[in-house]
Every structure is written in structure tokens, then in C-alpha cells.
Amino acid sequence: MNNVCVRTNLMKHWMRLGMLVDPKGKVPVKVIARTFASGKTEKMVYQCLADLNLPSGKNDTIEPSDFTFDKFYELYHKICPRNDIEELFQSITQGKAENISLDQFITFLNEKQRDPRLNEILYPLYDEKRAIEIVNDYEPSEEVKNEKQLSKEGLIRYLMSDENAPVFLDRLEFYMDMDQPLAHYYINSSHNTYLSGRQFGGKSSVEMYRQTLLAGCRCVELDCWDGKGEEEEPIITHGKAMCTDILFKDVIYAIRDTAFVTSDYPIILSFENHCCKSQQYKLAKYCDEILGDLLMRECLPDFPCDPGVPLPPPSLLKRKIMIKNKRLKTEVEKSELELFRKGQFVIEDEEKEDATAVTSNPPEEKKVEVPDVGTGTEGAEAPPPIQYTGSTTNVHPWLSSMVNYAQPIKFQGFDVAEKKNIHHNMSSFAENTGLGYLKSQAIEFVNYNKRQMSRIYPKGTRADSSNYMPQVFWNAGCQMVSLNFQTADLPMQLNQGKFEYNGNCGYLLKPDFMRRADRSFDPFAESPVDGVIAAQCSVQVIAGQFLSDKKVGTYVEVDMYGLPTDTIRKEFRTRMVPSNGLNPVYNEEPFLFRKVVLPDLAVLRIGVYEENGKLLGQRILPLDGLQAGYRHISLRSEANFPMALPMLFCNIELKIYVPDGFEDFMAALSDPRAFLSAQEKRAQQMKAMGIEETDINTKDILAGNAGEGEKTGKKGSKNKKSDEPKKEEELKFENINLEYLRNDKGFQKARRKQEKELETLRKRQAKEKAAIQKHQCTSVEKAVKGKDKTEVINDGGVKKLVTEQMTQWSEMVERHRREKWALQKQQATEQQDALIKLMENLQAAQMKQLEVRHEKDLKEMNTRQAKISVEVMKEVMNDKALKTKGDKDRRLREKKQNNTKKFMDERKYAQIKQAKDKDKLQAKHEKQKQELIKEINNIFDLYILAFGDVQERGDRVRAEQQD
């Protein structure tokens, strides 16, 4: 009943008017006039009544039998003519006909009223048969109906019918798979369910449990404290916060009576247990006796509470109530439970915690529950905190035995939870603590929620029972995002709008990638998720109907909530239409949500406001069930209750998001027949010019954008070339070998210096030889002077002198040879060192040249990228299609994101190429160095070999002389 069509709402209002009769049973005219008072004068209403032959005096009354629905419907159209639909009608008929033809209607249905993303097999296109059925259902004129046409009145009736609902009606029924583990579902959850108002000094009410459960909530909270008085009945209250209390027993009765009225799927009772063991016994006793078979007392045989075993699905837990409470260790529970059943369990004296103890300030954190992460001390806000003792860990064994699939534990970290792999363990997080984990370990939080359940609750400083925005925690897959149901604020509206789907059963299946262990999901992702097609949504607010019962100015805001990158708030707002709360016409330009990365989690919020900012009505529409086309959207109150008459007429367009530059490619993929028909049309045009089909060769053409190349011609190709980075010539380095090094000027200078040293040595040795030779000749001449040849030959002194001179000469020659060899060896070593050093310097220069080239390339790349960024910014800022600053910022952010990825890839590839170039040059240098050393060693070997031969000959000569 919450999603009936506009025409049905008009009928309900007509019936309501029919009940507001005077004592004579007649409908007062002034009551009817009040319906239209927010936009039209009473005089006009009376005139329209007169035109319909109905009593029209201010004090007149109308017989109920005369005031039929058809009369009221006709009155409505007289007072509020649908000029907005008239314009649509004219656009369909192109202003050339009084009625819409069947072909025009089919085209309208397929192009405007159908989501182009839908599969044509599962959701077939409208055909003639379906169009005729619609005409037969909604066309009031038999004559027009027989001609298979649709009049303006027929179009209005169709647009106001259930067939034209803004959401797929099957999404409002049960349509999700309910056989997945519990952790794979969002669960509609309440915080401090008992409170009807503030957290501090508020009133507790049993009725809140009834209303919350009837609204579809599946997880309610019970703060249990020790009762006082003779009977000491456990109570439920917000401890130490001056709130009134209610009996635990009464709450359990209320839960039993309303638990499964709205939904048969399981309920979780979240106990915050501050009771002593004796009163915990009463908690267990009431749950056992009052709930009876509804209570989930033990685990299912196929889903034992063991490590690694997943939670059971909601389908196996229908009409079952689970308790979330601290549980004893298995062995302790078993032994104490056995003693309890034997009547031997003794409860020792306990210190009872007083729920009525008052502190000077309301709490900083509501509680420090055993399941909680902590008190959320970071970023603490006023008022100062109260010292809470938290839920008791001293649990009665009977109550402990009733806990199974929702066992709260103190959170020790995502890695510890993953290592333990206990699916039935769960933890609770204050909103600020949860945000801290999202900020630091978002992906780990998502993975945790694939396996186990988590519960988020408002921070304790929300003394006014305000709510936090739940969307950020839904994005992380948190199952129980608990809100204060008593506060009708925006977060609560989002919650109620989201859980309206799937039969309002309180369970919504999370998207596939948030359930599968082999998928990774970042809730702060800005790029499309693998396997999920990003969407584009535009909303045009055309007109409103019955928005207020006063003559006030109105305006409409359209927001999107989802991933942070999809969330757009307070940006799209229509102009204000003054003094008309009845039928304002906005006819705004469409509000474009250009890129919705994750449509599965996104919701559209439409809010209607008075000129002073007061909310008149709102509607939450999850994007995954939204229908495209011209739709009447019935509004809800601030508390999300359906409003009979207020509605908006909007045009919604849904498309697949296509990045810039891929529109034509996407169009060809979406409609290949149109692409082929374009080729056929060209062939026919060429045939008209006398070119036959056989003259056209399509076999040898190259694939790609040939048509674009032909169209742009050489000029286009030139422009395209100029847009690309210039391709520079590849660096070519000289091959550094021995010959190249010897030709080096520096080396040749050093060589000349060495030759000069060698020449100096030769001259010195030659001078020494000449001096010794002269001295020896003089000595011999003196020794043989005055003697004949025979005497000289036989003279022993001469012989001795000659022998000594020969020895002296040989020693001198050997010494000269060794000096020359030593100098040559020294010079060769110096040459080797110089050649190696010279090679290293030349190689370093080549490497430096390569690095300079790389730096130049990177600088040019950065300059080119900066130029592209500036051009993109100018393009976005000058784009007239982008109306608001937010639109421009989003488009700029999107383009920057695409450019950043492209630029990073370019830099990555450039760095890889540069690293390869360096490695290649280093390998080449190493090879050159090895070859140089090898050649130098070969030369040394030749020197050594030559020196060895000379030395051997010298030794042989000396040996012969001695002989």
C-alpha cells in the first residue's frame, strides 16, 4: 500500500472527502475547496464546480451520489491542468496530430520509458501487441481506441498508473536470494530501541519495540538492568542517564506479538546486560517461557558453532529469535549448566549496578560493551565521559546457553579475527571507532564483513538521539548499522528507503563483490569495480502536485548517496516557484549524475522544501531498482510515511557510463544494426552516382577508423601527428676500443712524453757506451804500444785487459737493456692505467649523455602532460553543458583521474625503457672493458716473451765468455 499509483491516491483522497460529511450526510463545498487552496482561489474552485453542474456556493453541500470519482477527477484536471504532460504529448506527436499513433507510442515507450541497460531477452522491447494492450487499458475513448491511437487523456492515465511506477514493483516484493550466510546481508537494525526521544533524560516505551518491528527492523536493543522493589523484576532503561524504565518482561511480550507480522525472517535481540546472575536467570526464564518455540536455543545440525563453519542463511532461521549476549567458555558453561539443571548451582553474593545512579554530565560514549572496540577516545567531544562498567561478563549459564549465532567478543584486530576464522563471533563499533577503522583499514573491514557480522552504533555524545550517516558503513559491508528509529532525520530516511526493497523483510543481500572471498573491494574506490558497469543518471524535475496545503514558495533538491565518489549533496536544486504549493512547474534542465561507479549501493533522494527550508516531502529511490522515463513520484513524510496527494513529475534517464571519447564506439556496439545500415545507405548513395556494388572492394581495407581518416584527409593526419610527442632520433654511441682510445689526444700526448723519456734514455746510454768504448780503446792502445802483433797475442796482461773490458761492456749492455725494459714496462703499465681510466671517463660521459637525454625526455613529457591538464581544465570550464561548479569539479576530477592513469602509465613505460637503455649501455661498456683488458694483456705477453728471448741470448753469451 506504500507504493500505490497517483490515480489510486486521488481515489483515496476522494473517498476521504466523501467521509467528511455534514450532519445531513452531504459533502460541504468548502471541504472540497480546501484541497486546492494552496494554489488556487476559492472563487476559481467554485467556478469549476459550477462548470461541472455541481453546487458551487461557499455554504453549499453536494450529495455523495453526485460527487463521483469521475467528477472529482475532472475537477482536478480543471483546477490543475496538466500542461507539463501536454508539452510531452506535443513532443511525441511533433505537434501534427490530435492523437498519438501506435508507431509513435512504441517509439516513445522504447526510447523514453525503458532503461537502455536492460537485457532485451529478459526485458523485451515494447512491440505492437504490448502497446495495444496499454492503449486498451488506459484510453477512455472507444473511437480513439478502435483506431489504435492514444489521446492526451489516455497518456495522462497511463503516466499516472501503476504501470508507470518510478521503481520496478517486483523489487518491492521478495526477489533476493535468501540462502546465503547471515553475514552476506544488510540487516535493518535499531539502537536503544526502547527510547522514544532523547538519550539523556528520555522516556522509555514498550510501544517503541512494536512500532520498530512493524517497520521492518530485525535487530532491536535491550539495555537490561537490575530491577528494584520486592519482586526485583529486570528493567530496560538507558542506565545512569535519567531515563524512565520499562519491564523486561513486557518488552519480551511485545516482541513476541509483533516479531513476525511484517517479516518472517529472523530477529536478533542485542542484549546490553548489566544484571546480576539472579536477575539474569529471570531474563532467560522470560525468554524461554514467553518466546517458546520462537527462541533459537541451539545451533542447527548443519551449521554448528565451530571455527570455519559459515553462518546459516535467513531462509533456515524463519520465525526464529536469536539472542546476542556475552557467552561463557564452553567448558564453564557446560559444567555450570549441568549444576543448574540439577538444582545445585549456587549464586554467590553479587554487587549490583544501580541504573538510576546519576552523573553530572551525559555520557561521552554510550557504553563500553564487551563487543565494542573501545570508547572512541580519539577526537573526544563535550560533554565529558562517564565511567561505565559495560556489560557484565559474569553470565548465568542458562542465558549463556541461549546464545548461538550472535556471540559478541572484544575486537582484537582484523588479522586476529581472520586467523581465528570463527564466523559466529561478532563485534560492535561506535560510529567514530568504525570510521577510524574505515580510514585506516577499509579493505580489511570489508573482508571481515564477508565472514562475520559487525554492528555499528551512534557515539554517546548524540544525546539528542540524532543519527550518523549509515551509507559509509553500508559501503564497507557492515550488516547491522543501528540507528535511532525515534528520530526522523535524513539517515533514518535513507535506512527506511533502502530496506523498503525485498518485501520490507529487513534483509538485503549485499553485492556479489562484497560477499566473495576471491574479490577485493575498496569502499573509497573512484574507478569502476571489476565486473560492475558504472551508470549515468539524469533527473529532470518538471512539475509538482499538492506539495503543500499553504500558498508558499517551493523548490526541489535532488541528491545522490553511495560511494564517496558517487555522493553528491546540496548541489542540484530547482528554482523556487513562489506562492504555489498546489501545482508548481519547475521544468528545470536535467540534473546529471554523470558517473555512478557503484549503482548497486547508490540511492537517489528527492526532497521538496518550503521557501524557508522546511521539508515538505521526500523520497528515497535505490538506483538499482529505478525505472527510466517520465514518472510520477509519490512523496513521503519526514518520518517516511506515505503522503496521499503530494507528488513530483520527473523525467529520469539511465544509461551506461561511457568515458569521454568512446561515445561513437559504444553506440556502434550498442546498435550494430544501425552501424551496418549506415554502410548500406552509403552503398545506395554511391549506386545513385553510378557506382555498382561490384566496383567496391571491402576485402583489402585496413581495420580501424578508416572512415575518419578519409574524412579528415591529409590535414587531419597531419594534425593528429602534431598532437603526438615528437619521436627523437635514437642516441648512437661510439664503440670504445683500443684503436679508438689510442687516437685520443690526451693519450697521444702522454705517449709522446713517454717516447721522449725513452729517447732520453737511449741518448744517455749511447753517451755512456761511447765513453766506455773510448776509455777501453785508450787502455788497449797503451797496453799494446811499442809491441808487435806476436807480443800482443802472447801478452797475458793484454789478454786480461781485453777480458775485463768485454765483461764490463757486457754488463753495461745488460744494464742498458734492463733499464730500457723497466722503463718500457713502466710506460706500458701507465698506458694500461691511462687507457682504462680514459675508457671509464668516456663510458661515464656516454652514460651521462644518456641520462641527460632521459631527463630531457621526462621534462618534455611533464611539459606535455601539464599542457594537456591545462587544456582539459579550460575545456571543462568552457563546457556549457556543465551548469554548476559541482558538475565542473566532478568532470574535472574524472578527467584528471583518467589523465593521471594515462600519465602514470607513460612515466612507468618511460622509466622501464630508460632502465633497459641503461642496462644495455652498461653491458656494452663492461664488454668493451673486458676486451680492452684482454688486448692489453696480449701486448704484455708479447713484451714478456720478447724480454725472455733477449735475456736468454744474453745469458748464453755470458756463459760462452766465461768458458
**Q.** Distance flag, aromatic centroids of H191 and F485, threshold under 6.0 Å
**A.** no

Q | CD1-OG distance between I456 and S482, expressed to the nearest 0.5 angstrom | A | 8.0 Å

Q.
Between L399 and R327, does the side chain to side chain contact (heavy atoms under 4.5 Å, CB included) criterion hold? Intermediate values first, please.
A. CA-CA 8 Å; L399 182 61; R327 189 171 187 179; over 6 Å; no

(Q) Check this for me: does any side-chain nitrogen of one of K419 and D415 sit under 4.0 Å from a carboxylate oxygen of the other? (A) no

Q. Can you check side chain to side chain contact (heavy atoms under 4.5 Å, CB included) on L508 and Y501, steps first, answer last?
A. CA-CA 8 Å; L508 294 175; Y501 277 28; 4.2 Å; yes

(Q) Going by disulfide (SG to SG under 2.5 Å), name the pairs with one or both residues in residues 291-327, residues two or more places apart or in two chains. (A) C299-C305

Q: Please test F271 against F248 for ring-ring contact (aromatic ring centres under 6.0 Å, His included), starting from the C-alpha separation and ending with a verdict.
A: CA-CA 11 Å; F271 282 13; F248 175 85; 5.8 Å; yes

Q: Kindly assign one of parallel, tilted or perpendicular to the pair F429 and Y448, based on the angle between their ring planes and the thresholds 30° and 60°.
A: perpendicular

Q. Got a second to check how far L317's CG is from L300's CG, nearest 0.5 Å?
A. 5.5 Å

Q) For L438 and N475, what are the C-alpha separation, side-chain angles and deciding distance, and is it a side chain to side chain contact (heavy atoms under 4.5 Å, CB included)? A) CA-CA 10 Å; L438 273 178; N475 294 344; over 6 Å; no

**Q.** All ring-ring contact (aromatic ring centres under 6.0 Å, His included) counterparts of F513, not counting sequence neighbours
**A.** F521

(Q) So for atom CD, which belongs to E331, do other residues, nucleotides or ligands contribute more than 12 heavy atoms lying within a distance under 6.0 Å? (A) yes

Q) Does a donor on one side chain sit under 3.5 Å from an acceptor on the other, for N449 and S454? A) yes

**Q.** Steps toward side chain to side chain contact (heavy atoms under 4.5 Å, CB included) verdict (M322, N404)
**A.** CA-CA 7 Å; M322 294 179 286; N404 34 68; 4.0 Å; yes

Q: For V597 and D566, work out which heavy atoms get closest and say how close.
A: N-OD1, 2.8 Å

**Q.** Residues Q618 and R605: side-chain donor-acceptor under 3.5 angstrom
**A.** no

Q: Quick one: do N640 and E500 satisfy side chain to side chain donor-acceptor pair (under 3.5 Å)? Show the steps, please.
A: CA-CA 10 Å; N640 211 53; E500 186 178 0; 5.2 Å; no

Q: Assess whether salt bridge (charged side-chain N to carboxylate O under 4.0 Å, His left out) is satisfied between R462 and E431, documenting all intermediate values.
A: CA-CA 11 Å; R462 294 186 181 273; E431 62 171 286; 2.5 Å; yes

**Q.** Ring centroid separation F445 to F473 under 6.0 Å
**A.** no

Q) Which value, rounded to the nearest 0.5 Å, describes the distance between Q211 atom CD and Q486 atom CD? A) 12.5 Å

Q) How many angstroms lie between NZ in K320 and CG in L295, if you round to the nearest 0.5 Å? A) 7.5 Å

(Q) Within the supplied structure, the quantity of interest is the number of heavy atoms (other residues, nucleotides, ligands) at a distance under 6.0 Å from D530 CG; does it exceed 12? (A) no

Q: Step through the shown structure and confirm whether more than 12 heavy atoms of other residues, nucleotides or ligands are within 6.0 Å of CD on E418.
A: no

Q: Show the numbers, then the answer: is there a side chain to side chain donor-acceptor pair (under 3.5 Å) between D464 and Q199?
A: CA-CA 6 Å; D464 58 350; Q199 303 284 311; over 6 Å; no

Q.
Take a 6.0 Å sphere around CZ of F345 and say whether it holds more than 12 heavy atoms from other residues, nucleotides or ligands.
A. yes

Q | Considering all heavy atoms, the nearest P470-V481 contact | A | CB-CG1, 3.6 Å

Q | Check: L601 and Q471 side chains under 4.5 Å, non-hydrogen atoms | A | yes

Q: Please lay out, stage by stage, how Y457 and E272 fare under the test side chain to side chain donor-acceptor pair (under 3.5 Å).
A: CA-CA 13 Å; Y457 61 86; E272 186 190 338; over 6 Å; no

Q: Kindly indicate, with the supporting measurements, whether the criterion ring-ring contact (aromatic ring centres under 6.0 Å, His included) is fulfilled by F414 and Y437.
A: CA-CA 10 Å; F414 295 119; Y437 279 117; 5.3 Å; yes

(Q) Check for me whether the distance between the ring centres of F499 and Y186 falls short of 6.0 Å. (A) no

**Q.** Pair Y405 and F303, ring centroids less than 6.0 Å apart
**A.** no

Q | Q344, CD atom: more than 12 neighbouring heavy atoms under 6.0 Å | A | yes

Q: Answer yes if the ring centres of H238 and F200 are under 6.0 angstrom apart, and no otherwise.
A: no

Q | Non-hydrogen side-chain atoms of P234 and D226 separated by less than 4.5 Å | A | no

Q) Taking the side chain as C-beta and beyond, is there a heavy-atom pair between C224 and L283 under 4.5 Å? A) yes

(Q) Checking side-chain hydrogen bond (donor to acceptor under 3.5 Å, both in side chains) between S400 and each of E333, Q280, Q407, which is the one that passes? (A) E333

Q.
Checking N421 against H423 for the side chain to side chain donor-acceptor pair (under 3.5 Å) test, could you report, in this order, the C-alpha distance in whole Å, the side-chain angles of both residues, the deciding distance, and whether it holds?
A. CA-CA 6 Å; N421 195 26; H423 293 230; 3.1 Å; yes

Q.
Take a 6.0 Å sphere around CZ of R341 and say whether it holds more than 12 heavy atoms from other residues, nucleotides or ligands.
A. no

Q. Heavy atoms, side chains only, cut-off 4.5 Å: are F340 and H396 in contact?
A. yes

